Student: 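Before I ask anything, let me first share the structure, which is written out below as structure tokens.
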There are 2 protein chains.
Amino acid sequence: MNDKPIPDIVIGRLPRYLQALEHMLEQGYAVTSSKELGEQIGISAAQIRKDLSQYGEFGKQGKGYSVPFLVTQLKQILKVDRIWDMALIGAGNLGKAIANYQGFTEHGFRVALIFDSDPQKVGQVIHQIPVLHTSTMIETIQSHHIKIAMLTVPAQVAQSVTNQLIQAGIKAILNYAPITLSVPEDVHVQYVDPIIHLQRMTYYLD
Amino acid sequence: MNDKPIPDIVIGRLPRYLQALEHMLEQGYAVTSSKELGEQIGISAAQIRKDLSQYGEFGKQGKGYSVPFLVTQLKQILKVDRIWDMALIGAGNLGKAIANYQGFTEHGFRVALIFDSDPQKVGQVIHQIPVLHTSTMIETIQSHHIKIAMLTVPAQVAQSVTNQLIQAGIKAILNYAPITLSVPEDVHVQYVDPIIHLQRMTYYLD
DNA sequence: ATATGTGAAATCTTTCACAGCG
DNA sequence: CGCTGTGAAAGATTTCACATAT
């Protein structure tokens, strides 16, 4: 039981564990082991045990881990044992596809607000949510106490929209724009960029 | 000048460097430094110098790096100095959005083939490309010598489709299905999963 | 004066290997 | 016996700091 912060690299693996365990749960597994889970997701058994041991003793020696129990624990650790409302900024093709993605709702993430700066898009209803103009963004996000935003605006405006999001009290940004965002250190950013992933793989191709 | 393979963690940063440098190029920068580039993308100057030095001496002491030269070099290193044809498997909402995404073409990635198992989708034309039935997938991919696939099928069938892709000679998979794929070690997989990213951030929220 | 390229040092991460418990 | 939890060891990665070049 340490009081040092747990490395971010460990946090990054927890959602993968949760994903695999939820899959096992659907398949009716009652119990699993670090070895079995590791084989499923391509991570060593020792690493899984070490990662989990940062948070408590969830397993039983000689037996393994209870799948439903571990799912519950991981959800608590990751704070996904609740519903998170999110704001979506950018109602273009990508934004629309994201607003309609079922996976978010299934995992407790709800698109609550949608914004766009194009007057033609404002007033449209996407996935039952009306598109609002960005001029009302800061105060609307504030009044809804929303902490998570998804950014699907063009790269040229991504940083200035981000600055507004920070003013609005947003603390986590899922950024689909192909640009590195500059944010204060209490704001978290994750990047979704297929080009970056593809370029990382072509390196290894002939 | 080493002959050990360069760590994958270094490869993973190169596309970020390229992205920032292309951005600088558009803005008309002729020269940059490891310090300037590092501030742009939140990576230390020393790390950038060390990473680049794995591939050669691209900079000039006292001066910095020529932006256009470094862009050219990085494109060669990452093998994105050419056009890559790709196969898209899964013509649902997400697949359609991806097929229409301009960013791929702009970076030399071309969606050349689209497959789906749903007879209703077969024959549809998406972004000027006809949707083919998955029964013809293996031979069609082989005859086009395509090495990269994007997977936007439901999780339940992702592994079996992957097995077919491997038979077809695919060596790189960009996987949008929320499941870890099992592949031989000469096949590369990258994951695009917004839920995983969101869960990684909620950990840090109150 | 300024910024690279790079060994050496520091730090971080993973794996090992085994005591201990069910 | 089997599998966890965990210190210690090994390995990988990052940072430091400076000789060197322009």
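Because the structure is predicted, anything quoted here is derived from the model rather than measured. Quick note on labels: first sequence line is chain A, next is B, and so on, each numbered from 1.
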Student: Does a salt bridge link A:D8 with B:R200, judged by any charged N lying under 4.0 Å from a carboxylate O?
Tutor: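 Salt bridge flag = yes for B:R200 with A:D8.
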Student: Write down the distance between OH (A:Y55) and P (D:dT4), rounded to a whole number of angstrom.
Tutor: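 One finds 19 Å between P of D:dT4 and OH of A:Y55, rounded.
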Student: Using a heavy-atom cut-off of under 4.0 Å over every strand shown, decide if A:L52 touches base, sugar-phosphate, or nothing.
Tutor: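 A:L52: no heavy atom of the nucleic acid under 4.0 Å.
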Student: How are the rings of A:H188 and B:Y204 set relative to one another: parallel (under 30°), tilted (30 to 60°) or perpendicular (over 60°)?
Tutor: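 Correct class here is parallel.
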Student: Salt bridge between A:R49 and A:E57, side-chain N to carboxylate O under 4.0 Å?
Tutor: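 Between A:E57 and A:R49 there is no salt bridge, as every charged N stays at least 4.0 Å from the carboxylate O atoms.
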Student: With the side chain of A:P7 defined as its heavy atoms from C-beta on, choose the nearest nucleotide among D:dT15, D:dT6, C:dT13.
Tutor: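 Closest nucleotide among those given: C:dT13.
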Student: B:K4 has an atom NZ; how far is it from atom P of C:dG7, in whole Å?
Tutor: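 Rounding to the nearest Å, NZ of B:K4 and P of C:dG7 are 11 Å apart.
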Student: Considering just the side-chain nitrogens and oxygens of B:Y65, establish if one lies under 4.0 Å of OP1 or OP2 belonging to C:dG5.
Tutor: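 For B:Y65, the contact criterion (side-chain N or O under 4.0 Å from OP1 or OP2 of C:dG5) is met.
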Student: Give a yes/no on whether any side-chain N or O of B:S44 is located under 4.0 angstrom from OP1 or OP2 of D:dT15.
Tutor: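 Looking at the OP1 and OP2 atoms of D:dT15, one of them is under 4.0 Å from a side-chain N or O of B:S44.
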Student: Is the base of D:dT14 touched by the side chain of B:Q47 through a donor-acceptor pair closer than 3.5 angstrom?
Tutor: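 Answer no: no donor N or O sits under 3.5 Å from an acceptor.
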Student: side-chain hydrogen bond (donor to acceptor under 3.5 Å, both in side chains) for A:D51 and A:Y17? Distances and angles first, verdict last.
Tutor: CA-CA 10 Å; A:D51 285 352; A:Y17 299 166; 2.5 Å; yes
Student: If I compare all heavy atoms of B:A177 with all of B:A155, which pair ends up nearest, and what's the gap?
Tutor: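 Looking at all heavy atoms of both residues, the shortest contact is CB-CA, 4.2 Å.
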Student: A:E57 has an atom CD; how far is it from atom C1' of C:dG22, in whole Å?
Tutor: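 Answer to the nearest Å: 13 Å.
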Student: Measure CG/A:D8 against C1'/D:dT14 and give the value in whole Å, please.
Tutor: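 The answer, rounded to whole Å, is 16 Å.
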Student: Nearest to the side chain of B:I9, heavy atoms from C-beta on, is which of D:dT14, C:dG5, D:dT6?
Tutor: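 In terms of side-chain proximity for B:I9, the closest of D:dT14, C:dG5, D:dT6 is D:dT14.
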Student: On the nucleotide C:dT4, are OP1 or OP2 found under 4.0 Å from the side-chain N or O atoms that B:S34 carries?
Tutor: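 Yes, B:S34 has a side-chain N/O under 4.0 Å of OP1/OP2 on C:dT4.
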Student: Given C:dT14, is OP1 or OP2 found less than 4.0 Å from the side-chain N or O atoms of A:R13?
Tutor: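 The answer is yes; a side-chain N or O of A:R13 sits under 4.0 Å from OP1 or OP2.
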Student: What is the distance, rounded to the nearest whole Å, between atom CD1 of B:I6 and atom P of D:dT14?
Tutor: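 Distance, rounded to whole Å: 14 Å.
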Student: For A:F58 and D:dT4, give me the distance from atom CZ to atom P, rounded to whole Å.
Tutor: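 Taking CZ of A:F58 and P of D:dT4, I get 14 Å after rounding.
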Student: Let me spell it out: for each of A:K60 and A:K50, pick the nucleotide of DNA chain D with the closest heavy atom. Which residue's pick is nearer the 5' end?
Tutor: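 The residue whose closest nucleotide sits nearer the 5' end is A:K60.
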Student: For the side chain of B:R49, starting at C-beta, report the closest nucleotide among C:dG7, C:dT15, C:dT4.
Tutor: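 The answer is C:dT4.
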Student: Test for a donor-acceptor pair under 3.5 Å between the base of D:dT4 and the side chain of A:Q61, counting only N and O atoms.
Tutor: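 Checked by distance alone, the answer is yes.
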Student: Given atom CG of A:D51 and atom P of C:dT14, what is their separation to the nearest angstrom?
Tutor: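 Taking atom P of C:dT14 as the reference, CG of A:D51 is at 7 Å.
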Student: Could you check how far CD1 of B:I48 sits from C1' of C:dT6, rounded to whole Å?
Tutor: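 It works out to 16 Å between those atoms.
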